[in-house]
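Read the structure below first, then the notes.
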Amino acid sequence: MSLYNERIDVRSTTGGHPALFAWRGHMYRVRRIIGTWDSAPHTPEFGARNGTDVRLVRVAAESDHGQANIADISLDTATNNWTMRRLWN
């Protein structure tokens, strides 16, 4: 497991959950949402700052090469930017 904090491109379903994301030139298909957590504006461990809420989403994802992974990705709700936080493979 590594900590990355790198921007990713996420494509969401109509329910707001990520379905696909691109990171470092690879596409990952979300197979399952394992859990979601919303930070309070005062919770620095999720990266919240200046009153911004961050949603952390843990997913089971499959790479475009068929490798199974668990990833923590986060959404900054103020900017709508997604970040790759952690990846286990």
Side-chain angles (χ1 to χ4, degrees):
M1 183 233 9
S2 296
L3 183 62
Y4 295 104
N5 290 327
E6 297 175 10
R7 287 272 316 268
I8 58 174
D9 178 33
V10 171
R11 303 207 177 124
S12 299
T13 66
T14 56
H17 294 292
L20 296 168
F21 62 90
W23 179 61
R24 291 187 173 182
H26 296 281
M27 187 65 74
Y28 293 82
R29 180 177 177 196
V30 174
R31 296 303 215 166
R32 181 171 60 99
I33 303 294
I34 297 170
T36 61
W37 299 267
D38 290 322
S39 72
H42 62 279
T43 314
E45 62 269 19
F46 287 123
R49 61 198 179 283
N50 301 329
T52 301
D53 287 329
V54 174
R55 171 172 291 146
L56 180 69
V57 182
R58 182 166 290 165
V59 299
E62 183 177 315
S63 74
D64 48 8
H65 297 295
Q67 183 175 8
N69 302 278
I70 302 294
D72 284 349
I73 58 178
S74 62
L75 171 64
D76 182 323
T77 58
T79 63
N80 214 29
N81 290 329
W82 286 88
T83 302
M84 169 65 73
R85 305 279 296 191
R86 295 179 186 91
L87 183 71
W88 294 267
N89 44 13

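What you see is a predicted model; the values in this text were computed from it and never measured. Residue numbers count from 1 along this sequence.
Distance CG/Leu87 to OH/Tyr28: 5.5 Å, rounded to 0.5 Å. Atom CG in Asn81 sits 10.5 Å away from atom OG1 in Thr77 (nearest 0.5 Å). Note that CG of Asn80 and CG of Leu75 are 5.5 Å apart. Values are rounded to the nearest 0.5 Å. Note that CG of Asn69 and CG of Asn89 are 5.0 Å apart. Values are rounded to the nearest 0.5 Å. With rounding to the nearest 0.5 Å, the separation of OG1 in Thr13 from CG in Leu20 is 10.0 Å.
Residue Trp23 is not grouped with residue Ile70 when hydrophobic side chains (ILVMFWY) are merged at heavy-atom distances under 4.5 angstrom, including chains of intermediate members. Under a hydrophobic-cluster definition in which Ile, Leu, Val, Met, Phe, Trp and Tyr are linked whenever side-chain heavy atoms come within less than 4.5 Å, directly or via other members, Ile8 and Ile33 are assigned to the same cluster. Criterion: ILVMFWY side-chain heavy atoms under 4.5 Å apart, direct or through other members. Under it, Met84 and Val30 are part of a common hydrophobic cluster.
Residues Asp72 and Arg85 are not paired through a salt bridge, judged by the lack of any N-O separation under 4.0 Å between the basic side chain and the carboxylate. Ion pairing between Asp9 and Arg11 holds under the 4.0 Å rule for side-chain N and carboxylate O.
Distance alone, capped at 3.5 Å, is enough to place a donor-acceptor pair between the Asp64 side chain and the Met27 backbone. Between the side chain of Ser39 and the backbone N or O of Val54, at least one donor-acceptor pair lies under 3.5 Å.
The two atoms that bring Ala60 and Ile34 nearest to each other are N-CD1, 3.8 Å, heavy atoms only. Ser12 and Trp82 make their closest contact through OG-CZ2, 4.4 Å (heavy atoms, listed as atom of the first residue, atom of the second, distance).
With Glu62 as the fixed residue, the salt bridge (charged side-chain N to carboxylate O under 4.0 Å, His left out) test singles out one of Arg31, Arg32, Arg29: Arg31.
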